[in-house]
**Q** 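My questions all concern the structure below.
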Amino acid sequence: MSNNIEMKVVVITGASSGLGEAAARLLSEQGAIVVLGARRVDLIKSLADELSGRGGKALAVATDVTSRDQVKRLVDAAVQAYKRIDVMINNAGLMQQSPLERLKVNEWDNMIDVNIKGVLYGIAAALPYMQRQKSGHIINVSSVAGHKVTPAGTVYCATKHAVRVISEGLRQEVKPYNIRTTIISPGAVATELPSHITDPTSAANIQKFYEGFAIPADSFARAVAFAMSQPEDVDVNEILFRPTRQEL
Ligand SMILES: NC(=O)c1ccc[n+]([C@@H]2O[C@H](COP(=O)([O-])OP(=O)(O)OC[C@H]3O[C@@H](n4cnc5c(N)ncnc54)[C@H](OP(=O)(O)O)[C@@H]3O)[C@@H](O)[C@H]2O)c1
């Protein structure tokens, strides 16, 4: 019986580390064709080689999600190589915590560009193909921070709230095209995400928070596989998960 993952063409942004890499590995293991996007092209190329070496099908395409053209090129490359796109995972993201009064405006801009505009560019690139196919699945990565607001997390939380709003609007709009939409909102997962925080106090607080109980990235990969593997008439709209020991 089909797992509804095998042979699906899955485009993943932010596939060079953390959640994106873990999803690429699990989905490839379960028979999906994975198309990997990120800026660190050496990492996605070696991941694609590794997955291909194990009998999978994988393609790496250098992609900066702040460029609409590059995101379009990523999705176009998937369709050119494999004739369709079944799943778009808008996963690339950046978390740079700091209190607003520090005025780290460049970091606010970066998070808005990657976490909001990057997701919109992913939708813009995938949607026309999925409309024509009359099938597809768009998975957007939000966060517990898309449900809560924390001090020093204001802009990051705003971007992750925006991802949920965009996803819900998308869900309603794509009904005529038989397209599924899923928001995945993880709690603390051990990845490189906290390493980009430049405010020393916020960095120390987050490090302490993650050290306490962050769970491995395959928790996210299994959530993706769960949403994808449902029958095509079942649309899992959101998965919110946390480490069992995470209170907030
Ligand atoms: N880890 C957690 O606790 C957690 C919790 C909730 C939500 N999330 C969300 O999960 C997603 C993945 O994060 P992660 O935890 O796996 O962190 P990560 O290990 O730092 O991975 C982030 C990924 O995003 C990519 N990325 C960043 N800026 C990019 C850009 N401009 N263009 C293309 N790719 C870019 C990075 O690739 P390159 O640097 O190679 O471009 C990397 O592959 C993010 O959206 C994050 O907000 C994570």
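Small disclaimer: the values here were computed from a predicted structure and weren't measured. Order of appearance sets the numbers: ligands from 1, and atoms from 1 within every ligand.
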**Q** So for G187, does at least one of its heavy atoms come nearer than 4.0 angstrom to any atom of ligand 1?
**A**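 In this structure, G187 qualifies as a contact of ligand 1 - some heavy atom is under 4.0 Å.
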**Q** For a 4.5 angstrom cut-off between non-hydrogen side-chain atoms, does R180 reach Q230?
**A** yes
**Q** Would you say K160 touches ligand 1, if touching means a heavy atom closer than 4.0 Å?
**A**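 In this structure, K160 qualifies as a contact of ligand 1 - some heavy atom is under 4.0 Å.
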**Q** Regarding ligand 1, does T191 bring an N or O atom to under 3.5 Å of one of the ligand's N or O atoms?
**A**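 It does: an N or O of T191 is found under 3.5 Å from an N or O of ligand 1.
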**Q** Ligand 1 versus S142, non-hydrogen atoms closer than 4.0 Å: side chain, backbone, both, neither?
**A** backbone
**Q** Which residue owns the protein heavy atom closest to atom 10 (O) of ligand 1, what's the atom, and how far is it?
**A** L19 CD1, 3.1 Å
**Q** Quick one about T198 and E107 (side-chain donor to acceptor, distance below 3.5 Å, no hydrogens or angles considered), yes or no?
**A** yes
**Q** Any heavy atom of V114 sitting closer than 4.0 Å to ligand 1?
**A**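 Checking ligand 1 against V114, which is what was asked, there is a heavy-atom contact under 4.0 Å.
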**Q** Below 3.5 Å, N or O to N or O, backbone or side chain included: is there any such pair between V189 and ligand 1?
**A** yes
**Q** Between A190, S16, S17, flag the one that comes closest to atom 19 (O) of ligand 1 by a heavy atom.
**A**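 Heavy atom nearest to atom 19 (O) of ligand 1 belongs to S17.
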**Q** Which atoms of ligand 1 have any heavy atom of N91 under 4.0 Å away?
**A** 10 (O), 11 (C), 12 (C), 44 (C), 45 (O)
**Q** Strictly below 4.0 Å, N to O, side chains only: are R84 and D86 in salt-bridge contact?
**A**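 Counted as a salt bridge, because a side-chain N and a carboxylate O are separated by less than 4.0 Å.
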**Q** Hey, does Y210 sit under 4.0 Å from ligand 1 if you only count heavy atoms?
**A** yes
**Q** Answer yes or no: is there a side-chain heavy-atom contact under 4.5 Å between V34 and K57?
**A**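 Result no, sub-4.5 Å side-chain heavy-atom pair not found.
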**Q** Evaluating non-hydrogen atoms only, which member of V41, L193, V65 is closest to atom 13 (O) of ligand 1?
**A** L193
**Q** For atom 25 (C) of ligand 1, what is the closest protein heavy atom, and at what distance to 0.1 Å?
**A** G14 CA, 3.6 Å
**Q** What atoms of ligand 1 come within less than 4.0 Å of a heavy atom belonging to P186?
**A** 5 (C), 6 (C), 7 (C)
**Q** Rest of the hydrophobic cluster containing V144 (Ile/Leu/Val/Met/Phe/Trp/Tyr, side-chain heavy atoms under 4.5 Å)?
**A** L240
**Q** What do we get for T63 next to ligand 1 when only non-hydrogen atoms under 4.0 Å count, side chain, backbone, both or neither?
**A**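 For T63, only backbone atoms sit under 4.0 Å from ligand 1.
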**Q** Checking H161 side chain against G146 main chain: does a donor-acceptor pair fall under 3.5 Å?
**A**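 Checked: pair present.
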**Q** Which of these passes side chain to side chain contact (heavy atoms under 4.5 Å, CB included) with T159: V114, L94, D113, I116?
**A** I116
**Q** If we set the cut-off at 4.0 Å for heavy atoms, which region of F220 has an atom near ligand 1: side chain, backbone, both, or neither?
**A**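 It is neither; nothing of F220 touches ligand 1.
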**Q** Between Y129 and D76, does a side chain to side chain donor-acceptor pair (under 3.5 Å) hold up when you go through it step by step?
**A** CA-CA 9 Å; Y129 288 118; D76 288 350; 2.7 Å; yes
**Q** Run down the list P194, G18, G93, P243 and name the one with the heavy atom closest to atom 22 (C) of ligand 1.
**A** G93
